[in-house]
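All remarks here apply to the structure that follows.
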There are 2 protein chains.
Amino acid sequence: MNLTDACAAIEKSIGKKFSTIIMCNCEINYFGRARSHLAQGDRIIIIKSDSCILIHKPKGRNPVNWMSSTPEITLSMELDYFQLKASSIKPKEELLINVFEVYSISSHPLIDTEQLKLAGSERDMSDMIYEKPQLVKEDFKPINREEKTDYGFLDVFGYDSKGNFVIVECKRYTAGLDAVTQLRRYVEKVKSSKGVSNVVGIIAAPSISPKALKMLTDWGFSYKQVNAPKNFKNDEISQEKINKFF
Amino acid sequence: MNLTDACAAIEKSIGKKFSTIIMCNCEINYFGRARSHLAQGDRIIIIKSDSCILIHKPKGRNPVNWMSSTPEITLSMELDYFQLKASSIKPKEELLINVFEVYSISSHPLIDTEQLKLAGSERDMSDMIYEKPQLVKEDFKPINREEKTDYGFLDVFGYDSKGNFVIVECKRYTAGLDAVTQLRRYVEKVKSSKGVSNVVGIIAAPSISPKALKMLTDWGFSYKQVNAPKNFKNDEISQEKINKFF
DNA sequence: TACTACATCTCGCAT
DNA sequence: ATGCGAGGTGTAGTA
């Protein structure tokens, strides 16, 4: 494809706020929060209607370069390439793409008013524990969940039958050292803020790493195996399907 | 575009391991680590040569759905749509895309042997501190950097002139509470493992959050402002350009 | 705006 | 395979 024509076509597509996708040979320089250089090769450039730019190599899940924060996009034709330049002010960043060859351009006004419905987040997990506290501790009476308290962001907290303050830290995946130190921070904060010592710390997660478990028990906390729920709310029938799948 | 033809074209492109990009109207269901549903709308489907699949809405930086771990991809024509199905075994996941309308298909064998060169990572920062320890503490004599010891991953560590053990935790961005708890964990580990008490903990970062700073000083640690370097190694001329840009 | 913590995080590295 | 920590992380929620 002729470079000049391609450059003009892209400029037009961007101007119309169409989703624009370019398969091309290019080199890329980035300056900003870090600095990067990628020598010439074949890539996919995606320019969305909100001026978000993604550049993908032919392999891998993540973009090799990108620019998301409301950039200005300008195109300029040079001798044997055209340059696509995207800038943002805060953070101060600059993305320079020199395009040497264009294999294909796709341009279309895409409309999508729907939003993703997701089940199985940590929030869903803490909701479940709040509703069924016995999943974590027989005599656990939760007061609240996912609350930014004076003590920090506690996933679920309340009291047990002995009057101990109970703090539950949820992880939807294997709990590691981070999770334990996080729990410790919350427990210490509650102890010092309330001036009490009878605080029970519990990690609720599908699994826990050995080192994390050791650290946990060393500090007098405990672990309870809990899996994140995967049913949509107000969607009774779904759990059956899920069980069939897993 | 005719759905049956589109389905065949996509199947052929995937079979040849071409990078394949589809602008289409579709609905998406995902089962796996979580569960998600996205009702009908216009999206961009990217299928790479390594069978990595990304689905993008017309806005935003991140894919709304994806599948990266060596999935099998199958296509099947139904009455008024065709289904693209991707499965992976571990983790057990399934991605179902029902395509109702195809606006464009791009297919090309992309070749890219180059790799991103990046400057300004935390590793670059700890290298710099190792080489210029006075950036952190006048009398700091580093022993090693980026070492996985029995105590954890210490960014830079060594001794000062008073014989104190010094641990430096680097962050390339604003240090938060997690950075402080991480440093604390390392310091405590070193203290208990070596049976010493004279351990100095320092956070080196361009900035630090107020709460993190309070916690840091409460625990007797300190903060030193350090910025990540942004010059490529063996690239003397570059720093000049960087200075001009910033 | 700044701070905090989650994410279907992903990715690399080391055990 | 698992554990651990960085990331140009991005993103949402909140004060």
Side-chain angles (χ1 to χ4, degrees), chain A residues 28 30-36 52 54 60-69 88 90-95 116 118-126 146-150 152-155 169-179 182 185-186 207-213 228 230, chain B residues 28 30-36 52 54-55 60-69 88 90-95 116 118-126 146-150 152-155 169-179 181-182 185-186 207-213 228 230:
Chain A
I28 306 162
Y30 162 78
F31 306 84
R33 284 171 292 178
R35 192 183 151 209
S36 76
C52 178
L54 304 165
R61 193 261 183 195
N62 285 337
V64 68
N65 283 108
W66 67 91
M67 184 82 94
S68 40
S69 41
S88 95
K90 194 173 180 1
K92 183 166 183 182
E93 291 182 300
E94 196 170 72
L95 183 64
L116 190 75
L118 185 81
S121 66
E122 193 177 288
R123 174 64 199 246
D124 294 330
M125 199 169 161
S126 66
E146 287 278 329
E147 192 88 351
K148 189 182 186 312
T149 67
D150 294 342
F153 295 77
L154 308 183
D155 286 341
E169 173 63 29
C170 301
K171 289 294 164 196
R172 59 183 309 288
Y173 48 89
T174 304
L177 296 172
D178 285 0
Q182 203 175 333
R185 214 170 65 205
Y186 297 154
S207 59
I208 188 168
S209 75
K211 278 188 182 176
L213 184 59
K230 279 175 192 166
Chain B
I28 306 163
Y30 162 77
F31 306 85
R33 287 171 288 178
R35 190 181 155 212
S36 76
C52 178
L54 304 166
I55 301 142
R61 193 263 183 192
N62 285 338
V64 69
N65 283 108
W66 68 91
M67 183 83 92
S68 40
S69 40
S88 96
K90 196 172 181 2
K92 183 166 186 184
E93 290 181 302
E94 197 171 72
L95 183 64
L116 189 75
L118 185 81
S121 66
E122 192 177 289
R123 174 64 198 248
D124 294 331
M125 201 168 159
S126 67
E146 288 280 327
E147 192 89 349
K148 190 185 184 314
T149 68
D150 292 343
F153 295 76
L154 308 184
D155 286 340
E169 174 64 28
C170 301
K171 291 292 167 198
R172 59 181 308 288
Y173 48 89
T174 303
L177 294 173
D178 51 348
T181 51
Q182 204 174 331
R185 221 169 62 204
Y186 297 155
S207 59
I208 187 167
S209 75
K211 281 189 180 176
L213 184 60
K230 279 175 191 166

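No experiment lies behind these values; they were computed from the predicted model shown.
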- Message: Please determine whether a side-chain nitrogen or oxygen atom of A:Y186 lies at a distance below 4.0 Å from atom OP1 or OP2 of C:dA5.
- Response: yes
- Nearest listed nucleotide, side chain of A:K90, among C:dT8, D:dG7, C:dA2: C:dA2
- Query: Are any of the side-chain heavy atoms of B:I55 and B:P63 separated by less than 4.5 Å?
  - Reply: no
- Measure from CD on B:E93 to C1' on C:dT10 and round the result to the nearest Å. 12 Å
- Task: Round to a whole Å and report the spacing from CE of A:M125 to C1' of C:dC6.
- Result: 13 Å
- Looking only at N and O atoms, is any donor in the side chain of A:D178 or the base of D:dG5 less than 3.5 Å from an acceptor on the other one? no
- Closest-nucleotide ordering on DNA chain D, the 5'-leading residue of A:G176 and A:M67: A:G176
- Would you kindly give the CG-to-P distance between A:L154 and C:dA5, to the nearest whole Å? 10 Å
- Message: Rounded to the nearest 0.5 Å, what separates atom CG in B:D155 from atom CD in B:Q182?
- Response: 7.5 Å
- Taken to the nearest whole Å, CD/B:E169 to P/D:dC4 is 16 Å
- What distance separates A:N62 CG from B:W66 CH2, expressed to the nearest 0.5 Å? 10.0 Å
- Item | D:dA6 OP1/OP2 closer than 4.0 Å to side-chain N/O of B:Q182 | yes
- Whole angstrom is fine here: how far is it from CG in B:L177 over to C1' in C:dC6? 15 Å
- Item | Length of the CD1-P vector between A:I208 and D:dG3, whole Å | 10 Å
- Sugar-phosphate, base or nothing in reach of B:P210, heavy atoms under 4.0 Å: sugar-phosphate
- Query: Is the shortest heavy-atom distance from the side chain of A:L116 to the side chain of B:N65 under 4.5 Å?
  - Reply: yes
- Task: By nearest nucleotide on DNA chain C, pick out whichever of A:G120 and B:K211 is the more 5' one.
- Result: B:K211
- Message: Has B:K230 got a side-chain atom pairing as donor or acceptor with A:G32's backbone, closer than 3.5 angstrom?
- Response: yes
- Message: Roughly how many Å apart are C:dC6 and D:dG7, using the C1' atom of each and rounding to a whole number?
- Response: 15 Å
- Query: Once you round it to whole Å, what is the distance between P of C:dC3 and CZ of A:R185?
  - Reply: 15 Å
- Rounded to the nearest angstrom, tell me the gap between atom NZ in A:K171 and atom P in D:dC4. 14 Å
- Item | 5'-most by nearest nucleotide on DNA chain D - A:A212 or B:E122 | A:A212
- What is the nucleic acid contact for A:S36, judged by heavy atoms within less than 4.0 Å: base, sugar-phosphate only, or nothing? nothing
- Message: With heavy-atom distances below 4.5 Å as the criterion, would you say the side chains of A:D178 and B:R185 are in contact?
- Response: yes
- Query: Nearest 0.5 Å, what's the CG-OG distance between B:L154 and B:S126?
  - Reply: 11.0 Å
- Message: I want to verify a distance call: between C:dC6, D:dA6, C:dT4, whose nearest atom is closest to the B:S209 side chain?
- Response: C:dT4
- Query: Going 5' to 3' along nucleotides 10-15 of chain D, which nucleotides have protein heavy atoms under 4.0 Å from the base (write B), which only from the sugar-phosphate (write S), and which from neither (write -)?
  - Reply: SS----
- Query: Would you say A:R172's side chain and A:M125's backbone share a donor-acceptor pair under 3.5 angstrom?
  - Reply: no
- With rounding to whole Å, what would you report as the distance between D:dC4 and C:dT8 at their P atoms? 22 Å
